[in-house]
Amino acid sequence: MTVLVNPTALSDHKARDFKMLIDGRWEAGASDPIERVAPSHGVVVSRFPAGSRTDAEHAIAAARRAFDEGPWPRMTASERSAILLKAADLIAARAEELAFLDAIEAGKPITQVRGEIAGSVDIWRYAAALARDLHGESYNTLGDGTLGVVLREAIGVVSIITPWNFPFLIVGQKLPFALAAGCTTVVKPSELTSGSTLVLGEILQQAGVPDGVVNIVTGTGPAVGAIMTSHPDVDMVSFTGSTGVGKLTMTNAAQTLKKVSLELGGKNPQIVFPDADLDAFVDAAVFGAYFNAGECCNAGSRLILHKSIASDVVRGVAELAKDVKVGDPLDPSTQVGAIITPQHLEKISGYVTGARSSGARVAHGGETLDLGMGQFMSPTILEAVMPDMAVAREEVFGPVLSVLTFETTAEAIRIANSIDYGLSAGVWSRDFDTCLTIGRSMRAGTVWMNTFMDGASELPFGGYKQSGLGRELGRHAVEDYTETKTLNMHIGKRTGWWMPQTEKLV
């Protein structure tokens, strides 16, 4: 592990003051603002309005009017597509500004965030293409007297709630597809990392999105999120975050039976067989565990290694982990940045302590880092982990890798599937039959074979079990924000079956 420190990098930074976007107007909010302290440098870098229930209600009312009366749902698909493409170009033009905001507010390495912004641009362009591909169906095979048409219509007002770990990327996995379908929206970013989403509001106004179509309300879950998930004028909720808050979201939405899309937690295994390319796997293991400081629902936080190779693999992962660069997120060479809050760092450290007291051994790292700036955690490897330990079953959401072992394929599958999550998994073997057997047996939304955490806009993303409901991305992503309506049309004279009609009624 290499430590990169630049305590003065933000010493001259002037905190940026933001406003909320409601019905095309920028609002400061009535309460004192939320101050965001950079997790990497300990200085205030942003101030966001502390939105209230009233602010959320005003935003929902604006989105309702924009859907019921405004032009957006009534535009042609090509018109909406053109605006989304313009938005993508404007995002690309402001990429460095957006990357800087996510880096300082979330503690993410700047080089990583630049890649996320580029990925977001691709997603917005993909959504623009799907807008023009959305279509219904027709059935002329129902007999001479019937023609059936199935329409796809925008579902209505969508509440979009996003987390702090990928502030700009995750709103990009939701918002452009809702807009492509013709929906109107209320967006709540995390109160810790709202800056880039608010800049997106400026971009969408510049791109030509009408007032009220995208409203952005900042604030906490109890103050803003609760009403966004329960209000009767909201037709759908799209949420990414913890499984616990996801369950609360479902409970709130159930009051009016809203459609709910949830992308939640993960405890993702990588199963490794003796015939795998172990050099390639070691690289993927380090990346999968420590990307985004492990604050990633897709993190490869469980290694399930065949016993015959376990010692060698752990040694190789530990050796490579020594070269991981931890420190200042604004240094382009940094690979692991800061932990989001001191409280979250304490939680991560607590999992390591608990694992050690249960019999696990620290093969690398295991300690918090005092760099004289912010809060950091060393990349950690725990071996001799048993399947029933908390660190092997619960989402740590930090740079902590748990190592388990197996002897048979059936045992590996059983260990991998034994937890409540099912977001993603990996399998490593040169034998394609082995990979396919594992892939078909895993209860997970994505299974990577001889790779890990690859992705593309065209591939659906989501989980099984308590990792969520529904899918994001992929060619059906716009359809998720629609309802289907059947038009059953009679042609010609109708012959009744209930009562014979003996004379013509005037």
>> Would V158 and V234 count as a side chain to side chain contact (heavy atoms under 4.5 Å, CB included) here? Give the steps.
In response: CA-CA 6 Å; V158 181; V234 172; over 6 Å; no

>> Could you go through V447 and S424, starting from their C-alpha distance and side-chain angles, then the distance that decides it, and tell me whether this counts as side chain to side chain contact (heavy atoms under 4.5 Å, CB included)?
In response: CA-CA 6 Å; V447 180; S424 61; over 6 Å; no

> Could you walk me through whether E483 and K259 pass the salt bridge (Lys or Arg N to Asp or Glu O under 4.0 Å) check?
Replying inline: CA-CA 10 Å; E483 293 274 24; K259 184 176 182 180; over 6 Å; no

>> Between E202 and R94, does the salt bridge (Lys or Arg N to Asp or Glu O under 4.0 Å) criterion hold? Intermediate values first, please.
In response: CA-CA 11 Å; E202 299 174 4; R94 298 179 71 172; 2.9 Å; yes

> Does the side-chain hydrogen bond (donor to acceptor under 3.5 Å, both in side chains) test come out yes or no for E394 and Y351, once each step is laid out?
Replying inline: CA-CA 9 Å; E394 299 174 12; Y351 271 107; 2.6 Å; yes

>> Let's go through F177 and H476 carefully: what are the C-alpha distance in whole Å and the side-chain angles of both, what is the deciding distance for ring-ring contact (aromatic ring centres under 6.0 Å, His included) to 0.1 Å, and is it a yes or a no?
In response: CA-CA 10 Å; F177 299 101; H476 298 296; over 10 Å; no

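In this structure, the separation between CD1 on I170 and OG on S120 is 9.5 Å, given to the nearest 0.5 Å. Here the CZ atom belonging to F48 is positioned 4.5 Å from the OG atom belonging to S194, to the nearest 0.5 angstrom. Between R440 atom CZ and I413 atom CD1 the span is 12.0 Å, to the nearest 0.5 Å. Here the CG atom belonging to L198 is positioned 12.0 Å from the NZ atom belonging to K19, to the nearest 0.5 angstrom. To the nearest 0.5 angstrom, I161 atom CD1 is 10.0 Å from L262 atom CG. For the atom pair L264 CG and L469 CG, the distance stands at 7.0 Å (nearest 0.5 Å).
With 3.5 Å as the limit, one finds a donor-acceptor pair spanning the side chains of E105 and S46. Side chains of K86 and Q206: no donor on one and acceptor on the other come within 3.5 Å. A side-chain donor-acceptor contact under 3.5 Å links Q112 and E116. Side-chain atoms of W26 and Q205 form a donor-acceptor pair, as typed in the model, at a separation below 3.5 Å. Counting only N and O atoms by type, the side chains of T451 and D454 include a donor and acceptor under 3.5 Å apart.
No more than 12 heavy atoms of other residues, nucleotides or ligands lie within 6.0 Å of CZ in R475, so this atom counts as exposed by the packing criterion. Around the CD atom of E346, the shell of radius 6.0 Å holds no more than 12 heavy atoms that belong to other residues, nucleotides or ligands. Residue K465 places its NZ atom among more than 12 non-hydrogen atoms of other residues, nucleotides or ligands, all under 6.0 Å distant. Annotation for M75: atom CE counts as buried by contact number, over 12 foreign heavy atoms lying within 6.0 Å.
Shortest non-hydrogen contact noted between S429 and T434 is OG-CB, 3.7 Å. Closest non-hydrogen pair, A38 versus V45, comes out as CB-CG1, 3.8 Å. Here the closest non-hydrogen pair linking A321 and Y290 is CB-CE1, 4.1 Å. Considering all non-hydrogen atoms of both residues, E395 and G265 come closest at OE1-CA, 3.4 Å. Here the closest non-hydrogen pair linking V224 and V217 is CG1-CG1, 3.7 Å. What you find for Y421 and R393 is that their closest heavy atoms are CE1-O, 3.8 Å.
Without hydrogens or angle criteria, R36 side chain to L192 main chain gives a donor-acceptor distance under 3.5 Å. A distance-only check finds a donor-acceptor pair linking the side chain of Q375 to the backbone of I339 [under 3.5 Å]. Of the possible polar contacts, none joining the T334 side chain to the G337 backbone as a donor-acceptor pair under 3.5 Å is found. For N268 (side chain) and C297 (main-chain N/O), a donor-acceptor pair under 3.5 Å exists by modelled atom type. A donor-acceptor contact shorter than 3.5 Å is absent between the side chain of N252 and the backbone of T229. A side-chain donor-acceptor contact under 3.5 Å links N165 to the backbone of E295. Listed for the S159 side chain is a donor-acceptor partner under 3.5 Å among the backbone atoms of M228. Panel note: side chain K267, backbone V391; a donor-acceptor pair is recorded below 3.5 Å. At distances below 3.5 Å, not a single donor-acceptor pair connects side-chain atoms of N417 with backbone N or O atoms of M442. Remark: the backbone N or O of A128 is paired with a side-chain donor or acceptor of S81 at under 3.5 angstrom.
Taking 4.5 Å as the limit, every side-chain heavy atom of V237 sits out of range of all side-chain heavy atoms of I160. Counting only heavy atoms from C-beta outward, the side chains of T482 and L134 approach each other to under 4.5 Å. The shortest side-chain heavy-atom distance between F461 and L423 falls under the 4.5 Å cut-off.
A side chain to side chain donor-acceptor pair (under 3.5 Å) with K174 holds for exactly one of T240, T185, T162; it is T240.
Using the six-membered ring where Trp is involved, W164 and F397 have ring planes that are perpendicular, over 60° apart on the 30 and 60° scheme.
Look at K108 and D102 and you find no salt bridge, because none of the NZ, NE, NH1 or NH2 atoms lies under 4.0 Å from a carboxylate O. Salt bridge R16/E97: present, at least one basic N to carboxylate O contact under 4.0 Å.
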